[in-house]
Amino acid sequence: MKYFFLFLIFSACIKLDQPNEMTGVWSRDNGVTYSFFDDSRFKQSDLLGQQWIWEKKGTRIFFYGSPERVWTVDFVDQNHVLAIETDTFNIERK
């Protein structure tokens, strides 16, 4: 029984110590909201009807859809992220 309580305390501490979690709703200073769902869906409030699949790898978030996008993110704290967005597109030689 003693070990069970230690496990619960340890688990709670690990859960709190995950500042790089993106799931949830984030808002931008221009009023746009970004919704990161835990089933990997992503929606953006100013792009109605569009949806991406998102995946976080290190400091990058990849958005799979049309167009594909990439964010490089820097966590200032648990609830504040500096994001740099780039679009991914194909070009062809003429």
Side-chain angles (χ1 to χ4, degrees):
M1 188 70 160
K2 174 174 66 172
Y3 295 110
F4 178 72
F5 287 116
L6 288 175
F7 175 75
L8 286 178
I9 293 169
F10 182 71
S11 297
C13 291
I14 290 175
K15 183 79 171 162
L16 293 174
D17 192 28
Q18 296 179 0
N20 296 347
E21 183 65 40
M22 288 301 299
T23 55
V25 178
W26 298 76
S27 61
R28 190 171 173 177
D29 56 359
N30 65 0
V32 174
T33 59
Y34 305 99
S35 300
F36 289 86
F37 298 97
D38 58 3
D39 62 358
S40 298
R41 290 178 302 123
F42 171 82
K43 290 185 179 179
Q44 188 171 323
S45 65
D46 64 332
L47 299 175
L48 298 176
Q50 295 187 37
Q51 180 172 286
W52 287 263
I53 299 298
W54 69 278
E55 178 182 26
K56 185 173 181 296
K57 294 180 182 178
T59 60
R60 293 186 150 192
I61 298 174
F62 294 86
F63 299 96
Y64 305 109
S66 182
E68 290 189 348
R69 303 155 62 188
V70 178
W71 283 6
T72 301
V73 294
D74 181 22
F75 281 82
V76 176
D77 61 42
Q78 195 169 5
N79 297 309
H80 182 186
V81 174
L82 176 64
I84 300 170
E85 182 175 34
T86 59
D87 288 337
T88 303
F89 54 93
N90 293 312
I91 60 172
E92 296 178 13
R93 187 183 307 275
K94 293 213 177 229

Gap separating the [atom1] atom of [X] from the [atom2] atom of [Y], nearest 0.5 angstrom:
{"X": "Trp26", "Y": "His80", "atom1": "CH2", "atom2": "NE2", "value": "9.0 Å"}
{"X": "Thr23", "Y": "Asp39", "atom1": "OG1", "atom2": "CG", "value": "10.5 Å"}
{"X": "Ser40", "Y": "Lys56", "atom1": "OG", "atom2": "NZ", "value": "13.0 Å"}

Nearest heavy atoms of [X] and [Y], plus distance in Å:
{"X": "Ser66", "Y": "Trp52", "result": "N-NE1, 3.9 Å"}
{"X": "Thr33", "Y": "Val25", "result": "CB-CG1, 4.1 Å"}
{"X": "Ser45", "Y": "Gly31", "result": "OG-O, 4.2 Å"}
{"X": "Tyr64", "Y": "Lys57", "result": "OH-NZ, 4.0 Å"}

Report the residue from Leu48, Asp46, Leu47 that forms a side chain to side chain contact (heavy atoms under 4.5 Å, CB included) with Gln50.
->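 Among the candidates, only Leu47 passes.
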
Member of Asp74, Val73, Val76 meeting the side chain to side chain contact (heavy atoms under 4.5 Å, CB included) criterion with Val81 =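 Of the listed residues Asp74, Val73, Val76, the side chain to side chain contact (heavy atoms under 4.5 Å, CB included) partner of Val81 is Val73.
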
Same cluster or not: are [X] and [Y] linked, directly or through other Ile, Leu, Val, Met, Phe, Trp or Tyr residues, by side-chain heavy atoms under 4.5 angstrom apart?
{"X": "Phe42", "Y": "Val70", "result": "no"}
{"X": "Phe75", "Y": "Ile61", "result": "yes"}
{"X": "Phe62", "Y": "Met22", "result": "no"}

Could you tell me whether Arg28 atom CZ has more than 12 heavy atoms of other residues or ligands within 6.0 Å of it?
->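 Open.
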
Establish, yes or no, whether a centroid distance under 6.0 Å links the rings of Trp54 and Tyr34.
->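 For Trp54 and Tyr34, the ring centres are not under 6.0 Å apart.
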
Would you call the rings of Phe36 and Phe63 parallel, tilted or perpendicular if under 30° counts as parallel and over 60° as perpendicular?
-> tilted

